[in-house]
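Quick notes on the structure that follows.
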Amino acid sequence: MQEETKIRDKVVLVGLNSPVLKKDENADEITMEELAALVETAGGETVGTVLQNRASPDPRTFIGEGKVAEVKLYCENTKATMVIFDNDLSPSQQRVLTELLGVQVLDRCGLILDIFAQRAKTREGRLQVELAEYKYLLPRLTGMWTHLERQGGTSGKGAIGSKGPGETQLETDRRLIHKKIDKLRADLEDVRRVRSTQRQQRRKNEIPVVAIVGYTNAGKSTLLNKLTGAGIPANNRLFDTLDTTSRLLTVSDTMDVVISDTVGFIRKLPHQLVEAFKATLEELEYADLLLHVIDVSNPEWQQQAQVVENLIVELGASELPRIDVFNKCDAVPAGEIMPHGEDIVSVSARTGEGLEQLLALIDKRLDKGTRRCVLHIPYDKGALLDVLYREARVESVEYSETIDVTAVCDPRVLGQMTPYIQE
């Protein structure tokens with residue numbers, strides 16, 4: 001019988017902690033555990049972890065020659081096929097380490113990009129990942145293949161007009177990648193235009209937009225599924241959702257909203273991805289309300305919430321109204337005090353606990369005075385019915401002595417209809 005199991009990469013994780021690096025650039029036990037979870041998501045198996053304390057990174061090998069030799073021995077003993085660093089490596093460091101260790105070397109950024117490439121399903125998601133990958137690849141071209149150093153013709157130092165045939169393969173590849181990046185940016189602009197049109201339509205219909213944000217694996221997709229029956233795959237692994245999903249949610253009998261799930265945030269999110277995913281994350285900028293989902297069962301929830309907070313600021317959405325949704329409250333030990341406050345709600349997206357309170361809070365935050373009313377419109381004022389169809393939500397119409405209409409109206413429409421409202 002043929003072996004069905006796919007051979008997994010065996011990975012040694014390496015991290016460096018140094019006082020000269022910024023706090024969010026350093027590796028520690030927690031970020032290394034998260035890196036191991038990322039490896040699992042990517043389909044690999046962690047066979048060892050090396051965490052080094054060092055006064056400053058080595059410019060050539062990042063961890064120093066002695067530690068490189070130790071990692072190489074570790075790889076040989078565990079039959080590792082890959083080494084992944086929790087820190088960002090420069091292109092030259094990545095190249096040198098690959099040569100010295102004799103196995104493929106990636107940094108955290110490269111691993112996240114690989115996961116995104118595996119998970120993106122829609123055309124938009126794939127465009128965004130491809131753009132990020134090319135931006136990541138561009139400075140790493142030199143030395144990736146020996147043929148890149150060879151000339152295609154003359155030295156390229158001749159007279160004007162002789163440069164074309166003589167440019168290196170490296171320069172040709174760079175030029176092609178720049179063209180590809182420009183094309184991807186243009187395609188993403190088309191995506192943004194489509195999104196903008198959709199948003200304008202929602203604005204026209206005056207449907208509020210609620211965006212779910214949060215750290216990766218905080219339970220955002222599970223929450224959306226529970227609220228709307230969206231049927232999004234919700235697994236216990238990092239970056240399971242990469243493509244934005246929007247659904248209509250009835251919050252109360254007078255309010256519908258469009259609710260959108262977004263890609264999870266993470267520590268050390270590659271800047272290429274923050275930039276490339278603007279087309280998805282710009283939904284935040286146009287949202288009327290953010291739901292910040294926090295996995296309160298995670299001991300690191302405060303640090304994770306701060307990561308999300310920082311990225312919301314970076315994306316220009318810090319002024320938006322927000323509800324902090326403390327999820328997985330069913331997994332918190334009994335007796336532990338849950339966070340509480342005006343715009344805070346504790347829920348379990350898995351069991352449904354607290355969802356009624358969440359809907360009530362969304363209704364309260366987005367309430368603009370909309371209410372259901374019964375109107376008795378005289379036949380000679382029949383044009384008002386057209387106004388209601390255009391600017392309110394008409395639920396029923398009956399023709400008797402007057403035109404009797406049940407409709408959900410905002411304050412502006414209510415003002416126009418005051419004389420005909422049944423008290």
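- A donor-acceptor pair under 3.5 Å is absent between the side-chain atoms of D410 and the main chain of T370, judged by distance alone.
- Between V12 and V103 the shortest side-chain heavy-atom distance does not fall below 4.5 Å.
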Table please: side-chain donor-acceptor pairs of residues 43-52 below 3.5 Å, with sequence neighbours left out.
unit_1, atom_1, unit_2, atom_2, d
Q52, NE2, I63, O, 3.1

Quiz item: Between I403 and L384, does a side-chain contact (heavy atoms from CB on, under 4.5 Å) hold up when you go through it step by step?
Solution: CA-CA 10 Å; I403 306 171; L384 291 176; over 6 Å; no

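- Applying the ring pair (Phe, Tyr, Trp, His ring centres under 6.0 Å) definition to pairs two or more places apart or across chains, those involving residues 287-318 are W301-F326.
- The side-chain contact (heavy atoms from CB on, under 4.5 Å) check on V194 picks up Q198, with sequence neighbours excluded.
- Closest approach of A42 and I115 over heavy atoms only: CB-CG1, 3.7 Å.
- Inter-residue side-chain proximity for Y215 and V307 is flagged as met; some heavy-atom pair is nearer than 4.5 Å.
- Checked against side chain to side chain donor-acceptor pair (under 3.5 Å), E342 has no partners two or more places apart in sequence or in another chain.
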Practice problem: Take K72 and L100 through the side-chain contact (heavy atoms from CB on, under 4.5 Å) test and state the conclusion after the steps. | Solution: CA-CA 8 Å; K72 183 171 184 177; L100 294 176; over 6 Å; no

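- Applying the salt bridge (Lys or Arg N to Asp or Glu O under 4.0 Å) test to pairs two or more places apart or on separate chains, those with a residue in residues 344-354 are D330-R350.
- Residues S18 and N26 meet the side-chain proximity criterion, which asks for heavy atoms closer than 4.5 Å.
- In this structure, the side chains of L35 and L111 come closer than 4.5 Å at one or more pairs of heavy atoms.
- A heavy-atom distance below 4.5 Å is found between the side chains of L388 and M417.
- In terms of heavy atoms, V293 sits closest to G219 at CG1-C, 4.4 Å.
- A donor-acceptor pair is defined here as one N or O able to donate and one able to accept, closer than 3.5 Å; such a pair exists between the side chain of D28 and the backbone of I30.
- The list of salt bridge (Lys or Arg N to Asp or Glu O under 4.0 Å) pairs with a residue in residues 74-85, not counting sequence neighbours, is empty.
- Considering only heavy atoms from C-beta on, L359 stays 4.5 Å or farther from S252 through its side chain.
- Looking only at side-chain heavy atoms (C-beta outward), F62 and V105 stay at 4.5 Å or farther from each other.
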Quiz item: After noting the C-alpha distance and the side-chain angles of R393 and D256, does the key distance pass the salt bridge (charged side-chain N to carboxylate O under 4.0 Å, His left out) rule?
Solution: CA-CA 11 Å; R393 193 172 84 221; D256 289 334; 3.7 Å; yes

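- Closest approach of D88 and C109 over heavy atoms only: OD1-CB, 3.9 Å.
- Of the options V129, I177, L176, a side chain to side chain contact (heavy atoms under 4.5 Å, CB included) to Y134 is made by I177 and by none of the others.
- Using a 4.5 Å cut-off on side-chain heavy atoms (C-beta onward), L289 and P208 make no contact.
- Salt-bridge annotation for E34 and R108: present, with a side-chain N of the basic residue lying under 4.0 Å from a carboxylate O of the acidic one.
- A distance-only check finds no donor-acceptor pair linking the side chain of D363 to the backbone of V251 [under 3.5 Å].
- L227 pairs in a side chain to side chain contact (heavy atoms under 4.5 Å, CB included) with only one of the listed residues (T250, T222, V210, L249), which is L249.
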Quiz prompt | Trace of the side-chain contact (heavy atoms from CB on, under 4.5 Å) decision for L358 with L223 | solution = CA-CA 11 Å; L358 173 59; L223 179 63; 4.1 Å; yes

Quiz prompt | Verdict with supporting geometry, S346 and V296, side-chain contact (heavy atoms from CB on, under 4.5 Å) | solution = CA-CA 9 Å; S346 296; V296 76; over 6 Å; no

